[in-house]
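From a predicted model like this one, the values you see are computed outputs, not experimental measurements. For the numbers below, each heavy atom of this structure counts, side chains included, while hydrogens, waters and symmetry mates do not.
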Amino acid sequence: MKRLPSIVSIIALAGAACSVPAFADDAVQQSVPAKPTAADAEAFVTAAEKEMYDYIISASRVFWVNATYLTDDTNALAAETGAKGTEMQVRFALEAAKYTNVAGLSDETRRKLDKLRGGIVLPAPTTEGAATELNTIATNLQSIYGKGRGTLAGKPVNGSDIEAAMGDSRDPDQLKEMWASWHDNVGAPMKDDYARMVEIANQGARELGFKNVGAMWRSQYDMSADEFAALTEKLWQQVKPLYDDLHCYTRTKLNEKYGDAVQAKTGPIRADLLGNMWAQEWGNIYEVVAPEGRAISVMMSPSCSRPTNMIPLKMVKGGEAFFSSLGFAPLPETFWQRSQFVKPADREVICHASAWDVDNKDDIRIKMCIKVNADDFTTIHHELGHNYYQRAYNKQDTLHLDGANDGFHEAIGDMVALSITPDYLVEIGLLDKAKVPGADKDLGLLLRQGMDKLAFLPFGLLVDRWRWGVFDGSIKPSGYNDAWTVLRLQYQGITPPVERPDDAFDAGAKYHIPGNTPYTRYFLARILQFQFYKAACDIAGWTGPLHRCTFYGNKEVGNRLNAMLEMGASKPWPDALEAFTGSREMDGTAMVEYFAPLQTWLKEQNKGKQCGW
């Protein structure tokens with residue numbers, strides 16, 4: 001799940017392979033005066049923003065075509081476009097660094113200079129040929145992932161289908177085969193290229209004055225890199241007890257289903273048993289862990305008689321309906337004409353869900369290979385959240401065409417999805433009225449939510465914890481996989497289902513690693529979505545238990561939300577947070593409140609069990 005591309009975030013479209021423009025004839029070639037002034041800095045920023053904006057439409061279309069028509073030719077076009085973009089972005093970053101100590105800079109100009117200096121996902125050094133090499137590697141890594149295949153019963157299975165099969169199968173031998181084949185076939189071939197990419201990008205980061213790429217990533221949160229790392233740790237400690245209780249309960253249920261030979265009563269959980277290739281969300285095995293007498297099933301089963309190929313479209317229309325109920329304008333007709341909703345039968349595409357803003361006006365799109373299930377219905381709301389955010393801030397200056405921080409962008413759609421009650425699913429025709437669970441099913445509903453929302457937290461944190469170590473050199477290429485496995489055990493309490501070979505590169509089997517997408521944003525989004533949700537419920541005047549709140553149809557929530565979205569990246573994120581929630585601090589207590597009844601119940605179920613791992 002990913003938002004692509006705003007004028008700023010296009011840099012991250014395929015790592016360095018999807019950056020902003022290059023050394024065109026009219027490119028900004030401003031030379032910095034010996035004693036630059038604030039006026040010089042403002043002139044530089046203005047010229048840089050114009051060049052970036054002029055580029056966005058053609059570049060976005062190149063990357064869209066590459067993602068939806070994966071061929072050697074489109075890979076080459078994307079790599080070429082990205083290489084030019086990396087060169088331009090590095091040029092801007094190097095020039096911006098020369099203005100950082102200029103006296104008299106306005107807050108806005110300083111903020112824009114900081115974005116130009118540190119906003120590159122993978123910076124290429126100025127060494128001749130480095131940008132081309134970096135972009136070629138990054139494009140190839142994403143192509144390896146997009147074309148990747150695992151196996152089921154010895155037969156090749158593409159990424160979209162194997163993800164679905166991992167959620168459906170309860171055969172531990174099948175699960176082991178799919179897990180091992182995907183990680184071996186997709187991850188391992190990337191390892192050497194990935195190490196080379198890290199080497200080049202770190203050289204680029206040092207030229208910009210950062211210790212390494214990881215430190216550069218952490219600099220984009222209106223605080224120091226160390227302060228940001230400390231903030232994420234504080235948030236994790238707030239919510240970790242919820243995860244620990246869920247882990248203990250889930251392990252017990254898996255042991256009861258599969259027996260000691262497959263899943264032991266104590267220790268870590270076997271990763272492939274959790275219904276997801278990366279064990280990042282566990283909702284697909286809900287029926288395995290559902291409390292007796294309180295199980296729920298709100299999987300979508302539209303009762304209408306439309307053709308099967310129309311069902312994904314109806315799911316997207318349902319997502320639009322929620323935003324419309326809050327007062328947001330309908331999606332443009334081009335959205336329906338240009339988006340990719342289902343996997344084409346005649347070509348390779350990148351199925352990983354993403355949201356696109358092609359022209360920074362109204363050409364917004366999503367790219368998915370929709371499956372008719374509850375997970376993809378939630379994903380649709382997630383991606384639409386990006387689109388509505390993109391459209392809300394489209395009148396901002398070029399460098400402010402982005403979220404307050406990347407966690408904000410990821411949280412908006414998920415916050416809306418928390419308000420999708422079973423009654424709402426009935427209203428839009430995605431659930432039979434007879435299947436609406438009663439109030440006695442609240443614990444079941446909370447457990448189903450927790451199997452995704454809570455289970456994700458440690459994974460959302462460890463992906464970049466691993467990359468920060470890779471970028472700072474504390475994790476060497478020879479230890480890539482061991483470090484990944486150790487962090488998975490430390491944070492998630494899971495272990496691979498098979499012994500890993502010496503050449504394994506399991507991290508590469510997760511899209512965001514070869515796709516070079518910073519991942520801490522998703523951890524922040526899990527926290528922020530509940531903070532936003534509680535704020536929306538407060539605005540709506542909700543007085544009951546937080547987990548039963550819905551703000552569907554509340555225009556005041558829509559007005560307050562839009563006021564925050566319209567700010568884009570024009571102010572530090574605490575200002576944007578305060579505009580909607582009244583608080584300037586990211587905080588996990590709303591999530592704790594939401595799941596409090598579940599945690600009480602989990603502790604009762606875990607009595608006498610040896611929790612932890």
Side-chain angles (χ1 to χ4, degrees), residues 1-2 4 12-15 121-122 137-138 140-150 157-167 175 178-191 193-195 197-198 214 217 271-272 274-282 284 350-354 369 375 379 382 406 410 452 455-471 475 477 480-492 494-498 500 503-523 525-526:
M1 292 181 276
K2 185 172 168 183
L4 296 170
L13 184 52
V121 174
L122 289 182
I137 291 173
N140 288 342
L141 289 175
Q142 182 162 271
S143 182
I144 290 171
Y145 189 94
K147 295 179 180 179
R149 297 289 187 273
V157 183
N158 68 40
S160 178
D161 290 340
I162 204 168
E163 285 185 44
M166 286 287 291
L175 292 168
M178 288 188 286
W179 190 99
S181 63
W182 180 259
H183 285 77
D184 290 346
N185 296 348
V186 176
M190 301 177 182
K191 183 177 179 181
D193 278 350
Y194 191 84
M197 183 185 69
V198 168
W217 287 5
D272 59 323
L274 289 163
N276 177 274
M277 182 64 75
W278 309 280
Q280 68 181 59
E281 293 171 326
W282 306 347
N284 286 327
I350 295 174
C351 275
H352 186 83
S354 56
C369 300
D375 283 347
T379 298
H382 175 93
D406 52 11
E410 300 298 335
D452 284 342
F456 179 83
L457 293 168
F459 186 77
L461 201 63
L462 75 85
V463 172
D464 279 351
R465 288 283 198 273
W466 178 82
R467 276 194 289 207
W468 294 348
V470 168
F471 288 132
I475 298 174
Y480 278 176
N481 212 66
D482 287 345
W484 178 258
T485 302
V486 166
L487 285 170
R488 299 264 273 169
L489 178 63
Q490 175 186 343
Y491 282 96
Q492 289 183 279
I494 67 170
T495 190
V498 296
R500 306 308 297 135
D503 64 347
F505 183 49
D506 292 345
K510 173 62 181 172
Y511 171 81
H512 299 73
I513 299 297
N516 293 302
T517 304
Y519 208 77
T520 304
R521 63 183 61 174
Y522 301 108
F523 171 77
R526 281 299 197 274

Closest approach of Val186 to Gly508 (non-hydrogen atoms, all atoms of both residues)
CG1-O, 4.2 Å
Check whether any side-chain heavy atom of Trp484 lies under 4.5 Å from a side-chain heavy atom of Val463, and answer yes or no.
yes
Ala455: side-chain contact (heavy atoms from CB on, under 4.5 Å) partners, not counting sequence neighbours:
Leu246, Trp282
For Phe523, enumerate each residue passing the ring pair (Phe, Tyr, Trp, His ring centres under 6.0 Å) test, keeping only those at least two apart in sequence or located in another chain.
none
Close side-chain approach of Met190 and Ile513, heavy atoms under 4.5 Å
no
Could you tell me whether the side chain of Trp217 reaches within less than 4.5 Å of the side chain of Val121, counting heavy atoms only?
yes
Who are the side-chain hydrogen bond (donor to acceptor under 3.5 Å, both in side chains) partners of Asp464, not counting sequence neighbours?
Arg467, Thr520
Could you tell me which residues satisfy side-chain contact (heavy atoms from CB on, under 4.5 Å) with Asp452, sequence neighbours excluded, listed by chain and number?
Glu281, Asp375, Arg448
Excluding sequence neighbours, so at least two apart, what forms side-chain hydrogen bond (donor to acceptor under 3.5 Å, both in side chains) with Arg465?
Thr232, Glu233, Tyr491
Applying salt bridge (Lys or Arg N to Asp or Glu O under 4.0 Å), can you list everything that pairs with Arg500, at least two apart in sequence or on another chain?
Asp184, Asp506
Quick one: does Gln492's side chain get under 4.5 Å of Leu462's, heavy atoms only?
yes
Qualifying residues under side-chain contact (heavy atoms from CB on, under 4.5 Å), relative to Leu489, sequence neighbours excluded:
Pro268, Trp613
Ring pair (Phe, Tyr, Trp, His ring centres under 6.0 Å) with Tyr145: which residues, sequence neighbours excluded?
Trp182, Tyr511
In terms of relative ring orientation, are Trp466 and Phe505 parallel, tilted or perpendicular, with 30° and 60° separating the classes?
tilted
Holding to side-chain hydrogen bond (donor to acceptor under 3.5 Å, both in side chains), I want the full list of residues that pass it with Asn158, two or more places apart in sequence or in another chain.
Asp161
For the residue pair Pro477 and Lys191, what are the closest heavy atoms and their distance?
O-CE, 3.1 Å
So Tyr519 and Phe456, would you call those rings parallel, tilted or perpendicular, with 30° and 60° as cut-offs?
tilted
Mind checking side-chain contact (heavy atoms from CB on, under 4.5 Å) for Asn276 and listing every partner two or more places apart, or none if nothing turns up?
Trp278, Gln280
Given Met277 and His183, is the side chain to side chain contact (heavy atoms under 4.5 Å, CB included) satisfied, shown in steps?
CA-CA 9 Å; Met277 182 64 75; His183 285 77; 3.8 Å; yes
